[in-house]
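Worksheet: one structure, shown below.
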Amino acid sequence: MKLPAEASSTRRVGAPRLLVRGGRRLRGHVEVAGARNAALPLLAASLLPKGRSIHHRVPRIADVAILRRVLEHLGAAVTEADEDPHTLHVASESAAGHQVPYELVRRLHAAVLLLGPLVARHGIARVALPGSSPAGARPIDQHLKGLRAMGAQITIEHGDVVVRAPRGRLQGAGITLDVPTVTGTENLMMAATLARGRTTIEQAAREPEVEELGRVLNKMGARIEGAGTSFITIHGVDELRPIEHAVMPDRVEAGTLLVAAALTRGDVTVRGALIEHLGAVVAKLRAAGVTVTALDGGLHVRGPVELEPIDVATQPYPGFPADLQAQFMVLACLAGGESLITETIFEHRMQHVAELMRLGADILRDGRTAVVQGPRRLSGAPVEARDPHAAAALVLAGLVAEGTTEVLEVHHLDGAYGGLDQKLVALGAEIRRLPGAEEVDP
């Protein structure tokens, strides 16, 4: 069946959109891409040694493309392997720059991860303050608190945070974070690898991506213990060496694909989905009546005829991930009864509620809590994505809505998910990507 090129009330120049026709069951096998939240810090860490690091299974997403531009701005040479566009070579011998301008940082909040590697290697880093993201304010006070503890002198100059290490090298220190922060923990780990002496990080983030970074830094010659736990010890070394490594699978994309299969009463094997990274997610799927079976190298999911209501509250790892809250809200819309979805981490991660209600969802929102009444018959309509995970959720909603759902501003999706729409199409979804159009009046 051919999808109609339906018009929406507003469209922006250059903004792609997706037309999703609902009603198709998903079946088959799909491969999870390399993890965005692992690839970004690993690419940043390539600045620590002098030499050529090779990263396999790098996701082809907009955020990686922006970080590549940042690394090249700093003097690194970044090239794709001829035989595999998911393999990046980062040659850092000539990476003498230490300043990251606002025009690059504003498009990628994770560029703040360069503070640690730059001050560790050059003794100075100047990175534009990132400001707010679509999910709300993401302050870097814990990053700066840790760097100050390591002896750094920190000033704010013309919108940039400038970090200087006395005599060109940081000093190991004991650091206790006020709250677990993933990028803060990663930044301080990278900074401490070349510091003098021993650094400890208490109340560190425990996410698998933090553990992955610790593993890769150790391959470089760092001495790190406890990455992936709440207490990390780093013994500084004089130099690091380049490495070759394959990025871990993306647990957020994996969880999104599992939900897509569950919603459509599908029968899908998600290769690369690691149950050890998705314990809280799998538990909620099973509570909703979804059959999830661990296989060698992946997970098999079979959606039920009727979904059961669920209660979800986001928490730092190993709790339920905030990056899958929106997708599970779609699941709750189809469940038979009242579900409760609570966002405890990000202040503005409920912007998809209004868009789901445009599709017919029955949701009562009170601050960071949403009460979802189901089951509801969703019907296609134009909707607008405000962040990557809202975009993914709206695409999933389109899979089960009657008629066609037009998802606008899908550049958000492209920033964090590697070809999610193509993967869903390969499983049997009916999705058409259209380029942006001139903005028009309603």
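Quick note: residue numbers are just sequence positions, from 1.
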Practice problem: For residues L324 and V259, determine if any side-chain heavy atom of one lies less than 4.5 Å from a side-chain heavy atom of the other. | Solution: no

Practice problem: Indicate the atoms forming the closest heavy-atom contact of A273 with L299, along with that distance. | Solution: O-CG, 3.7 Å

Self-check item: Non-neighbouring partners of H55 that pass ring-ring contact (aromatic ring centres under 6.0 Å, His included), sequence neighbours left out
Solution: none

Exercise. Kindly state each residue pair satisfying side chain to side chain donor-acceptor pair (under 3.5 Å) with at least one member in residues 218-227, sequence neighbours excluded.
Key: K219-H245

Practice problem: Would you check if there is a donor-acceptor pair between the side chains of H300 and D267 at a distance under 3.5 Å? | Solution: yes

Self-check item: Minimum heavy-atom distance between T405 and G398, given as atom pair plus value
Solution: OG1-CA, 3.6 Å

Practice problem: Report yes or no: do E343 and T314 form a side-chain donor-acceptor pair below 3.5 Å? | Solution: yes

Quiz item: Looking only at atom types and distance, does a side-chain atom of Q142 sit under 3.5 Å from a main-chain N or O of D178, one as donor and one as acceptor?
Solution: yes

Quiz item: Is a side-chain donor-acceptor pair under 3.5 Å present for H89 with T79?
Solution: no

Quiz item: Within a strict 4.5 Å, meaning less than it, do heavy atoms of the V210 and I232 side chains meet?
Solution: yes

Quiz item: Would you say E212's side chain and M248's backbone share a donor-acceptor pair under 3.5 angstrom?
Solution: yes

Self-check item: Closest non-hydrogen atom pair between A38 and V247, with its separation
Solution: CB-CG1, 4.0 Å

Quiz item: Q351 side chain to R386 main-chain N or O, any donor-acceptor pair under 3.5 Å?
Solution: no

Quiz item: Do you know which two heavy atoms are closest between A125 and L118, and how far apart they sit?
Solution: CB-CB, 3.6 Å

Practice problem: Using atom types as modelled and distance alone, determine if a side-chain donor or acceptor of R68 lies under 3.5 Å from a backbone N or O of V78. | Solution: yes

Quiz item: Are any side-chain N or O atoms of R365 and backbone N or O atoms of G367, one a donor and one an acceptor, separated by less than 3.5 Å?
Solution: yes

Quiz prompt | Heavy-atom neighbours of R107 CZ exceed 12 at 6.0 Å | solution = no

Exercise. Hey, could you give me each pair passing side chain to side chain donor-acceptor pair (under 3.5 Å) that has a residue in residues 182-192? Not counting sequence neighbours.
Key: H143-T183, H143-N187

Quiz item: What heavy-atom pair brings I341 and A332 nearest, and what distance separates the two atoms?
Solution: CD1-CB, 4.5 Å

Quiz item: Between the main-chain N or O of G51 and the side-chain N or O of S92, is there a donor-acceptor pair closer than 3.5 Å?
Solution: yes

Exercise. Look at the side chain of H73 and the backbone N and O of P101, then say whether any donor-acceptor pair between them is shorter than 3.5 Å.
Key: no

Practice problem: Look at the side chain of D250 and the backbone N and O of R36, then say whether any donor-acceptor pair between them is shorter than 3.5 Å. | Solution: yes

Practice problem: May I have all residue pairs that pass salt bridge (charged side-chain N to carboxylate O under 4.0 Å, His left out) and include part of residues 236-246, sequence neighbours excluded? | Solution: R169-D238

Quiz item: Regarding Q327 and T256, is there a side-chain donor-to-acceptor distance under 3.5 Å anywhere?
Solution: yes

Practice problem: For the residue pair F328 and V330, establish whether any side-chain heavy-atom pair is separated by less than 4.5 Å. | Solution: no

Quiz item: Looking at residues at least two apart in the chain, or sitting in another chain, which of them share a salt bridge (charged side-chain N to carboxylate O under 4.0 Å, His left out) with R271?
Solution: none

Quiz item: Out of I140, V105, D160, V112, which one pairs with L129 under the side chain to side chain contact (heavy atoms under 4.5 Å, CB included) rule?
Solution: I140

Quiz item: So, do H277 and Y317 have ring centers that fall under 6.0 Å from each other?
Solution: no

Quiz prompt | Side-chain (R349) to main-chain (A322) donor-acceptor, under 3.5 angstrom | solution = yes

Quiz item: Is the backbone of E31 close enough, under 3.5 Å, to the side chain of K423 for a donor and an acceptor to pair up by distance?
Solution: yes

Exercise. Mind jotting down which residue pairs meet the salt bridge (charged side-chain N to carboxylate O under 4.0 Å, His left out) criterion with at least one end in residues 199-210? Sequence neighbours excluded, please.
Key: E209-R251

Practice problem: Give the minimum heavy-atom separation between A429 and L399, together with the two atoms involved. | Solution: CB-CD2, 3.6 Å

